[in-house]
Amino acid sequence: MSAASRSDGAGRPVAMPGLLEMTAPLVVSFWMRSAFSFVDTYYASFLPAKDAAVAAIGLSVPFEFVMIAVWVGLSTGLTSNFSRAMGAQEEDKLRQYLAATWRLVLVCVPAFCLLGAACWSFAGRLSPGPEVAREFAIFGPTLVAGSAFTLFWSVIPDSIVKAHGDTRATMWAGIWSNVINVVLNTLFTFVFHWGIFGIAFSTVLGRFGGLIYALRRAAAHERERKERAEPVVRGLDPRPYAALFALAVPSALSYVLMASEISVVNWILKGLPHGTESLAAYAIYYRVFQFVVMPAIAASVAMLPFAARRFGHKDVAAVRRGLRQAHLAGLAYAAVATPLLYLLADPLARRFTASPVTLGLLVPALRAAPLLALLAIPFFLCRPVFEGLGRGRPGLVMSTVRYAVLAAPAAWLGVAGAEKLGVNGVLGLISGLGVATAACSAVFLVWTRATLRKVAESA
């Protein structure tokens with residue numbers, strides 16, 4: 001039983017683990033998920049149309065972001081409200097929030113089946129050529145529509161285990177999904193020869209493993225909580241959907257805005273002289289960047305229940321300490337990751353592409369990934385601090401500035417500057433986006449510190 005799921009003799013909740021303690025299992029989980037996201041790209045490298053298949057996978061990223069956006073939005077709303085209701089022992093509200101989230105999940109399934117159909121319909125318009133369009137018309141609909149039946153069901157068990165402070169369960173759910181994905185990818189690619197369809201289908205089926213494990217752990221936590229027979233505070237939330245949407249909508253929109261950035265990037269890249277190679281290089285770089293930045297994302301996921309509980313106890317100093325510790329850990333991590341990836345960039349790039357053009361675009365971009373991840377750490381960590389206070393608007397405001405206002409001009413200026421300096425366009429583009437990220441991180445961090453100071457003064 002986790003520390004967060006126990007109570008003392010008086011029925012008071014025992015303090016949750018520290019932020020870094022909660023983050024550690026999530027780092028392992030997210031790293032594995034990110035590493036296994038290379039599985040699709042890796043297996044695509046064995047297909048006859050290697051670069052076209054990799055580029056098609058890259059074109060699917062914005063649609064994946066939309067799925068993640070809705071998933072994260074639902075999870076944020078349920079985790080925050082469930083955590084507060086559990087801490088206050090408001091059993092009726094717990095049931096309300098769970099029932100409301102189930103209904104929202106049921107709405108997501110047909111909606112994302114339609115989005116999968118849109119991937120097929122617009123494949124030609126989104127692709128730089130017919131070969132990439134053919135691969136994307138298979139991969140995109142299979143991944144998006146198929147995930148509608150596997151991804152969203154995990155929102156509820158995942159939120160429950162996080163509310164109980166059990167981030168290890170999240171880690172193991174991810175491990176089960178990833179292992180099944182690899183096994184099925186191998187089978188579908190090398191035995192059944194299903195091509196890019198098999199690569200997408202294995203991802204869809206692999207998520208069942210994590211879902212089953214998360215359901216079992218969530219049920220166990222809830223059973224243990226109810227067996228403690230702690231005093232229950234009765235009363236319903238008059239607006240349960242409003243409580244969920246107050247955090248779910250801003251959180252989801254933030255990820256939708258991220259998806260819009262990827263769409264802008266793909267549009268710019270396919271217009272470069274080597275469009276297919278640029279798309280392939282960025283698709284591989286983006287997977288590597290996601291792997292490198294996973295510790296910051298894991299810390300942001302842990303920060304939500306961590307901050308919400310601390311704010312509930314009016315312990316603002318603990319939130320400040322957690323924020324400071326996470327930033328220091330990020331600096332230490334970047335100091336290790338930067339020289340390591342500098343050395344590994346070339347052999348890693350050669351594993352994913354045989355094209356000299358793609359290789360020349362990719363290696364410098366990979367070497368810049370740790371620095372760009374470091375610039376993003378404050379941006380990721382500050383949003384859940386506000387969400388822990390029940391304030392979703394600051395995160396949405398900063399995401400709008402970063403992804404809707406700055407993304408396109410930053411990317412365009414980066415490419416234009418690269419042409420003048422004789423640098424490749426992919427490196428120029430990610431450098432421009434890095435400058436935009438650094439500026440937003442600085443503003444968000446100042447805003448967060450000012451808010452924490454005001455909350456402490458009013459406590």
Could you give the side-chain donor-acceptor pairs of residues 109-118 under 3.5 Å, partners two or more places apart or in another chain?
none

If we check side-chain contact (heavy atoms from CB on, under 4.5 Å) with Ser278, which of these qualifies: Thr358, Leu429, Val426?
Val426
Name the orientation class of the two ring planes belonging to Phe201 and Phe197 (parallel below 30°, tilted from 30 to 60°, perpendicular beyond 60°).
parallel
Side chains of Leu26 and Thr170 in contact at under 4.5 Å (non-hydrogen atoms):
yes
Output the distance between atom CG (Leu279) and atom CG (Leu272), rounded to the nearest 0.5 Å.
8.5 Å
What orientation do His164 and His221 show, parallel under 30°, tilted 30 to 60°, or perpendicular over 60°?
parallel
Please tell me if the side chains of Lys162 and Leu304 come closer than 4.5 Å, counting only heavy atoms from C-beta onward.
no
Among Arg383, Arg402, Arg449, find the residue that satisfies the side-chain contact (heavy atoms from CB on, under 4.5 Å) test when tested with Phe444.
Arg383
Do Ser441 and Ile377 have side chains that approach each other closer than 4.5 Å (heavy atoms only, starting at C-beta)?
no
Counting only heavy atoms not in Trp120, do more than 12 sit closer than 6.0 Å to its CH2 atom?
no
Criterion side chain to side chain contact (heavy atoms under 4.5 Å, CB included) on Cys119 and Phe63, from CA distance to verdict
CA-CA 8 Å; Cys119 291; Phe63 298 93; 3.5 Å; yes
Please check this pair: side chain of Asn178 against backbone of Gly174, looking for a donor-acceptor N/O pair closer than 3.5 Å.
yes
For Phe188 and Phe192, take the angle between the two ring planes, folded into 0 to 90°, and tell me which bin it lands in: parallel under 30, tilted 30 to 60, perpendicular over 60.
parallel
Evaluate the side chain to side chain contact (heavy atoms under 4.5 Å, CB included) criterion for residues Met303 and Leu323: first the C-alpha distance (whole Å), next the side-chain angles of each, then the deciding distance (0.1 Å), finally the verdict.
CA-CA 8 Å; Met303 178 63 84; Leu323 200 58; 3.8 Å; yes
Arg216, CZ atom: more than 12 neighbouring heavy atoms under 6.0 Å
no
Can you give me the closest heavy-atom contact between Ala369 and Tyr285, atom names plus distance?
CB-CE1, 4.1 Å
Okay, side chain of Asn181, backbone of Ser177: is any donor-acceptor separation there less than 3.5 Å?
no
Please indicate whether Trp172 has more than 12 foreign heavy atoms, meaning atoms of other residues, nucleotides or ligands, lying under 6.0 Å from its CH2.
no
Report yes or no: does Thr338 contribute a side-chain atom to a donor-acceptor pair with the main-chain N or O of Pro370 at less than 3.5 Å?
no
